[in-house]
Amino acid sequence: MEQLAILIPLFPLVGFLYITFFGKGFSKNFIGGLTSATILLSFITSVLVFTTQMSGAHPTIVKMFNWIHAGNFSVDIAFLVDPLSSIYLLFITGVGFLIHLYSIGYMHEDEGFSRFMSYLNLFVFFMLILVLGDSYVTMFVGWEGVGLCSFLLIGFWYKDMKNNDAAKKAFIINRIGDLGLILGMCMLFSYTNSLSFNDLFITGDEASGLPDSAATTIGILLFIGAMGKSAQIPLHTWLPDAMAGPTPVSALIHAATMVTAGIYMVARSSALFSASETASMVITIAGIATALLGATIALTQNDIKKVLAYSTVSQLGLMFVALGMGAYSTAVFHVITHAFFKALLFLGSGSVIHGMGGEQDIRRMGGLKKYMPITHITFLIGTIAIAGVFPFAGFFSKDQIIAAAFEHNKVVFVLSLIVSALTAFYMFRLYFLTFHNKFRGTHDQEHHLHESPKVMTIPLIILAVLSVVGGFIGLPHAVGTSMGMHWHWLDHYLHGTVEMTSSDIHLNAELMLMALATVIALGGIYFAWNKYKKKGELALEDKDVKESMHVLAANKYWFDELYESIIRKPVDSLSKFFGKTVEPKIIDGLVEGTGSLVQNAGEKLRLVQSGKIFAYATITVIGVIILLLMI
Amino acid sequence: MLALLLIAIPVLMAGASFLLGPKLAKPLAFITGIAELLLTLVCIWIFQKGDTGHLLQFNKQWIGPLGMTFNFALDGISLVMCLLTALVSVLVIYSSYNRSFRNPHVFYGLLLLMAGSMIGAFTTSDGMMFYIFYEFALIPIYFICLIWGRGEQKSQVTLKFFLYTLFGSLFMLVSLLYVYRFAGSFELSKMYAAGQAMSTAEQGLVFAGFFIAFAVKIPVFPLHTWQPATYDMAPTAGTMMLGGIMLKMATYGIIRLILPMVPDGVSEYGHWAIALCAISVVYASMMAITQKRYKLLLAYSSVAHVGLLAAGILSNNAQGIQGGVMEMLSHGILTVGLFFVVDILESRMGHDNIDKMGGIREVNPLFAFLFFAIVMGSVALPATSGFVGEFLLLLGLNQYSPILTAVAGLTVVLGAVYMLRSFQSMMLGAANAATATFAALTKHEKTVLIIVVVLVIVLGVYPSPILELSNTSVENLLPGVH
Amino acid sequence: MLTNYAFWFLSFLAVFSALGMIFSRNPVFSVLSLIVTFFSIAGHYFLLNAQFLAAVHIIVYAGAIMVLFLYVIMMLNLNTLEEEKKSLFAKISAVATAGILMLVMVGAMVKADEITVVQQASNIDVGLTKNLGMALYNDFLLPFELSSVLFLGAMVGSVYLSKKELA
Amino acid sequence: MKEILISSLLGIVILTADILKLRKVVFAVVLLGLAALAGSCIMDWGHNEIPFAEKGKMLIFDNFALAFTFVISVVSFLWFFMTKESFSSNTTRTDLYALAAFSICGAVVMVSYSNLVMLFLGVEILSIPVYVLAASDKKSFVSNEAGFKYFFLGAVASAFLLFGIALIYGACGSFDLNIITEKITAVGSMPGLFIVGSMLILAGFAFKISVAPFHMWAPDVYQGSPTVITAFMATIVKAAAFGGMFRLFSTTLSPMLAQYALVFALMTGLTLIVANVIATRQTNSKRLLAYSSVSHAGFMLGAVMMASSMHYKYLIYYVFTYSIASLTAFTALNHVSVFQGGDESTDAFKGLVKRNPVMAGAVTVSLLSMAGIPPLSGFMAKYFVISNVLNGGHIWLVIIMILTSVVAMYYYLKLIIAMFTPLENAGRIAVSGAQKMMYVLMTILLVALFFGASALEVVKW
Amino acid sequence: MEQELLHGININHYLGLAAALFSIGALGVLFRRNAIIMFMCVELMLNAVNLTLVAFSKIWGQTDAQVFVFFIMVVAAAEVAVGLSILMMLYRNMHTTDTNVLNLLKN
């Protein structure tokens, strides 16, 4: 049954190739249907594979062929089917299918429709490779592949240079991370002589034998890779810009799947990371900083997608906090629930944008709930889920992270509570500004407002349902027992795949924490309600930004400007300096100088050849004299 | 015997081309290239059957007292290089098929002569013969540049190119002669033994001589200044030959001559060379970033890539060397692809100024797609041939020095910067007046680009035939390496 | 003893007349000085028992070669005082170079004076015409014949250079 | 014996033919004579014949002499083809042919002498006709000047050579090389006079082969002489001078060579540097080739320096390949300058590839060969020398050789570039003729590449 | 072994004299610009060699050296013939025997 795993990425690949090479004459519906169908097939296969894993099958390696072999280095194109990869498969194909479906409606009018769908297929293919790969190298294929697709899709509307710049930025920042990942792989190889997960973590345990310093170095290098992909400080700046792509792309790539690849990778390498305190600490710090940063910036954004983007950054930060705490399965749990509600939110926002005719500024929205009821409801569900209100999906996963933080580090715990409060606040700010009060857009826009077609709303509904119930795969102990359900099912499922830290938190404490989290979330919601619904305040105009924190946040902490001035400009001016001075004047100057030195010497020496006989005779005689003197 | 045939076919056909005149030149060259390719494949087939004996070798005493032998042998590494030469030659010949220029029979004759001489360098197992072929390959390309090159400065540029590379390779001659004094023969196996028996300091000197020679040809910072101007000035086919095959003689030379002959010298002094290569990577990447013209950008990008290539090989381990072999092949194919793109751009736009283009993707999506695929190969995206090579190189280099790996690895980032920046500004955005009329690809252009793209992807996904071919030979050549 | 004085006398005569040849402004005087030098060298030949050679020397050098020189000088009408243009530096360097040459040659030869191989008692008859003739027509037959080629070459050359082009 | 008879009679036969008004057959006679000379070299191979042995051992036609004679006769054979179109006037032609033939006779003597008397006579027989030849363009001031400079400085150099011979005689009491060698070996060490004499002989030879600092005349004379004569001087005269020098320094003077190898090395290095560096600034192609010739003399002096350990066949190979290459270059230069109205500048070669592709091709091959680009024969030649010098342990000299050959490449390329540069004004005339000659020379160069080096193995030296 | 050639005069005296004459010849070559005088100086140099040879001939008691002197004379005569005709030709073209004018070929 595991052999079927081969088929899972194959379907979308076939879809991509078919559309790319033969898709010219087909109707949009056919193309949409075909591409979605491939993902559906993958989903079904994934379910089959998943069931075998759920029923306790051993991790299996499905080898296709030997890929790279050099000396003692050998890598196969092979898939590793184990609990971690199979659960990833499930939600990638699941969410992927829904977003494909949604895209049929969303992109229907776009002239690049078939290109879009084929790119999406290609993306899914690479994402599946990423999670299925049985070694770091194979994973890296998917890793860079999704980066490529991200590049293609962010810059999907290539005629606008802004989009292209965003795409380029995403690719290059990802590459910085990839360099870290490559170096990490190289280091890992030089210590363990293998890069396959099987040797390192599963049947062998090469990774755990690493010396502490090596584990730290490798861990940090690998984490740099994760930073790039999962938009952690300081490599996070590309993600908000990536919103330049079509909304389904933001939903699929920049919220649900690709950006969580970093979490996948760290979870996959959990044995390695748990061997190094330092690396874990770095992850925690980067994670909580990112979470705070994302949340504060999200407060000030007025672009519906940018808010969600920073929210994603913030949530990813929380996931890394979990990873840093050693709660790897918790991080995976949050990845899954986040995939549901963030996809839902993005698709919802897409629906809004669709309805608004491309408008993304929440200051021009308002009161949309009567025009778009389904979107409204599902968006509300998503918002509640991300805010972390019981019993929505986000509640459980976020609660587990907070619990882990509580257990390990009180500072992080407090900070994560703040993040959670901020999350509830800005999400509801978004919600209220969008759906409540009066419509603030132009008359023209109001006239055109409409609910999205079914092909878009159905995915919304499905995702809404998942956002409600998704949390049950990781019911906490306290709730699970009281409801007579599996508690911590995910932890059990992933046991043996990722490192587990046994949680000895008391049931009462757990309940206390849950209550605390809920209160905080509700508090956030209340403030948002008070400010934006009741008082009807609007988002601040840029010129009104006065308070220092506000200034910082609204300007995204000047990260872009910082990079511009400490990296891009120096690199550019150094390049210019090389190009204008070093190359022509110094290096080539030396070369040319040698040439002209010889020529000048020639010019001087030829004067000796004066053409005068007596001079020639003199030199001849002097030559004889020298010869005789040498005796 | 077949090795000799591999050399003889292009050389003899070059002569035939000179004699038969311009009418038959193109088909003749193309057929020769194909024949060469087929013969190489036959050799590979024989090699994989396990026959390394008389069919693939040719030994003859030549100038006995002075130690020259007329020895040729095909092992895995040689075969990969022959494959590269044949493949790139065919692509070069085919890609210039529809371009018209003066005296095609001379042009193709020189091209074939060059290919033959490079095959010679790749197949010989005699140090002096290697040197001879290595040097001789300069002559045809020199004339290709001189006669069919472009620009006001061409004679100065060709002069510099020729003198510079000549200057470098003479150091190799000194090193060869130095080792020869101890070996009493130029046969490589004897030279290996003699070289290894020398003291470390001597080995270091010999290493320095070889390295200077190869560093000029590769080229490695700071000996690279001839290269961009030459690539720019040479006709497209010449640039492809230069970048695609010719510099591989130097990297091949590192594998064939330096590593087995002076292993102690390399391990003692290699870090200098590798550091230069690493600097070369970063420096050339930076230079590429500032370039305004695409051809120059590619020239510098080539410097960066081969810098990594040389560094990886010099790290003297199986991954580095195998990665080097793979990267040589990949870089050859990509070079053809990229410079052919330049050719297409120049033929339509009349220039290759990056800033003056834009929006070509809109006008000609197919071209943009193929171009993009080649660019991705060039930035070593996984599942392209570039990745396999570069990854192995970094893997190998890392075992030598993680710090230098980090420096050289910057190519991953910087490569993306300049390749994407230029691609974006040429292809994307809205079409302007100049690019709006960008003509569709001809069938022939399409074919070349598609072949390149397919090769890049196939080799990226399934490189094992190449790697397996060179694997045993690397182990035979360097018994200490694993 | 007489020969001793003769040696010194002839030597000084040779050197002074040689110097006179160089430094005289008038070419004809130079030629005459050189002839004096040749005569004194011929005197040395006599002292060294090379009588035949001395005679030939006077006939060839003083009689033929120098006459040829004189003939050319007369024909070209060069017997006027001619100011040669040369810088002081050129003069000094010429004198210095030649002086150093002499010092070095003398020094080198004096340093290397010992002639290690002791020869048989010197043969006074060496310089006789008969002995010279025997040597010339036996051992040195081939160079003797070949010098005809040399003369022929020189002759053809001189004629070639001197004759007027017909066309 | 045949060799010396043929070579000495050749000039006389030419003169006789001239007297008998048989001018039309002169050319054929010359070629026949040279072919006979070459043939007799092959026939006598290995005989070590001493002509007129009973009348004093003045010459010996051992393999060394025969090989050099063979090379000289082959090069002369080709050289006479070059003259065919240049010596226009019939009256002067036979004179010049006769002079060249006498000179060749001197060359034969110079490579086969076994007595210092013959060496001196050989040098003079070789040189005196060449003085005349250099001045043979009587109306041309430069030719006059060249002739006078060559003659005058040559005479001074002869005086040094003579003084050297005299001192060696004084030290050893004989002119016969074998006897001198015996005496020196008997004594065990070199007498002082012998050393001084050797040095002076070295100076005399250095002048003839034009190595620094005795090379000063060469560029002027080469430039001023008619191109055909320059070719003669650069090839045949030089070959003979090197033959004579190698013969002397590999046998009789080898103890001196062993002791003063540094002197040779310094001269070699100085020659290479001076000649190549000055050549970079030349615009007159003839003068450029003259400097190139000087630099090659430096290389060949490197071979002479290794005379005691190096087989002479490598020097012969060098002389031969260099001579053929120079002959090609000078022939082309001759044609080009004729068609350009006497313009000898490098610009005169512009566009030659269009105007006469065969010639351009041949000149390119010859220049690349002279530059020592593998696998052309010039490379092999230089390689033999370099590897021998390296074996002698003179690494610094090897490095100079190598660096200067890069410099040399520069000026050869200047000529090549000129040939391949298209002409701006279409007014220039096509350069016709000499096609066959060019084909022949190019073929020889290429054949030397493939078989020449092997011939060094095959022939029993 | 010093052997007196004459009373109180040994080979060194002759060598010294020859060197002196040779050097004076060289001096003339370097010092004078008149082609004919320079030419005569070369003759003087040859004569210095002749003197040496004759002295050596006396020492060794052999005729060889004296025969060689004949050949030197032969060569000198031939050289003079050729040299003077070159000189005449030069004079015909340039109307001077001053070698300073010979300066067309240089550098």
Side-chain angles (χ1 to χ4, degrees), chain B residues 15 18 60-68 70 102-103 106 117 120-121 128-139 142-149 154-181 184 186 205 209, chain D residues 280 310-311 313-314 317 350 353-354 357 360-361 364-365 368-369 371-376 379-380 382-384 386-393 395 398-399 401-414 416-422 446 449-450 452-458 461:
Chain B
F18 289 138
K60 191 113 184 128
Q61 276 297 314
W62 185 28
I63 308 179
L66 279 161
M68 276 196 216
F70 207 62
R102 284 174 293 133
N103 298 331
V106 183
S117 137
M128 202 61 206
M129 292 299 288
F130 177 82
Y131 175 78
I132 289 174
F133 282 120
Y134 183 90
E135 281 280 57
F136 181 67
L138 262 182
I139 297 176
Y142 173 75
F143 283 108
I144 288 175
C145 291
L146 185 64
I147 302 174
W148 291 274
K154 76 172 172 183
S155 58
Q156 266 81 37
V157 172
T158 45
L159 190 70
K160 184 167 168 185
F161 155 60
F162 196 93
L163 287 182
Y164 212 144
T165 41
L166 184 81
F167 167 77
S169 45
L170 285 169
F171 283 93
M172 167 159 60
L173 185 62
V174 178
S175 280
L176 279 172
L177 286 171
Y178 193 85
V179 178
Y180 166 72
R181 284 177 73 195
F186 281 110
L205 283 175
Chain D
T280 56
M310 180 178 161
H311 199 278
K313 63 187 178 185
Y314 300 124
Y317 187 70
K350 270 198 174 171
V353 71
K354 269 268 174 328
T364 305
V365 171
L368 289 175
S369 172
I373 295 294
L376 295 170
F379 164 74
M380 294 291 176
K382 281 192 176 178
Y383 160 72
F384 293 141
I386 286 181
S387 69
N388 272 294
V389 171
L390 191 69
N391 276 334
I395 293 178
V398 170
I399 287 173
M401 284 173 161
I402 279 171
L403 290 181
T404 51
S405 40
V406 177
V407 178
M409 194 67 232
Y410 168 76
Y411 57 79
Y412 291 127
L413 282 184
K414 250 178 33 176
I416 293 177
I417 287 172
M419 288 191 289
F420 285 83
T421 308
L446 294 174
L449 143 70
F450 290 112
S454 318
L456 296 180
E457 296 307 303
V458 176
W461 296 93

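What's counted below: heavy atoms across the whole structure, side chains too, no hydrogens, waters or symmetry copies. Per chain, numbering begins at 1; letters A, B, ... match sequence-line order.
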Parallel, tilted or perpendicular, as decided by the 30° and 60° cut-offs, for the rings of Tyr317(D) and Phe384(D)
perpendicular
Contact part of Ile373(D) toward chain B, heavy-atom cut-off under 4.5 Å: side chain, backbone, both or neither?
side chain
Side chain / backbone / both / neither for Tyr178(B) at chain D, heavy atoms under 4.5 Å
both
Does the Thr364(D) side chain pair with the main chain of Ala360(D), one donor and one acceptor, at a distance under 3.5 Å?
yes
With a 4.5 angstrom heavy-atom cut-off, could you sort out which part of Tyr164(B) is near chain D: side chain, backbone, both or neither?
neither
When only pairs under 4.5 Å are counted, which of Tyr142(B), Phe171(B), Tyr134(B) shares the most heavy-atom pairs with chain D?
Tyr142(B)
With sequence neighbours left out, what residues match Tyr412(D) under ring-ring contact (aromatic ring centres under 6.0 Å, His included)?
none
Under a 4.5 Å heavy-atom cutoff, which of Ile139(B), Asn103(B), Leu138(B) has the most pairs with chain D?
Ile139(B)
Answer yes or no: is there a donor N or O on one side and an acceptor on the other, between the side chain of Lys414(D) and the main chain of Thr280(D), under 3.5 Å?
yes
Taking side chain as everything from C-beta outward and backbone as N, CA, C, O, which of these in Ile147(B) sits under 4.5 Å from a heavy atom of chain D? Side chain, backbone, both or neither.
side chain
Name the region of Leu368(D), side chain, backbone, both or neither, that has any atom closer than 4.5 Å to a heavy atom of chain B.
side chain
Can you tell which of Ile386(D), Ile395(D), Asn391(D) makes a side-chain contact (heavy atoms from CB on, under 4.5 Å) with Leu177(B)?
Ile386(D)
Dump the intermediate steps for ring-ring contact (aromatic ring centres under 6.0 Å, His included) on Tyr131(B) and Phe379(D), then the final yes or no.
CA-CA 11 Å; Tyr131(B) 175 78; Phe379(D) 164 74; 5.5 Å; yes
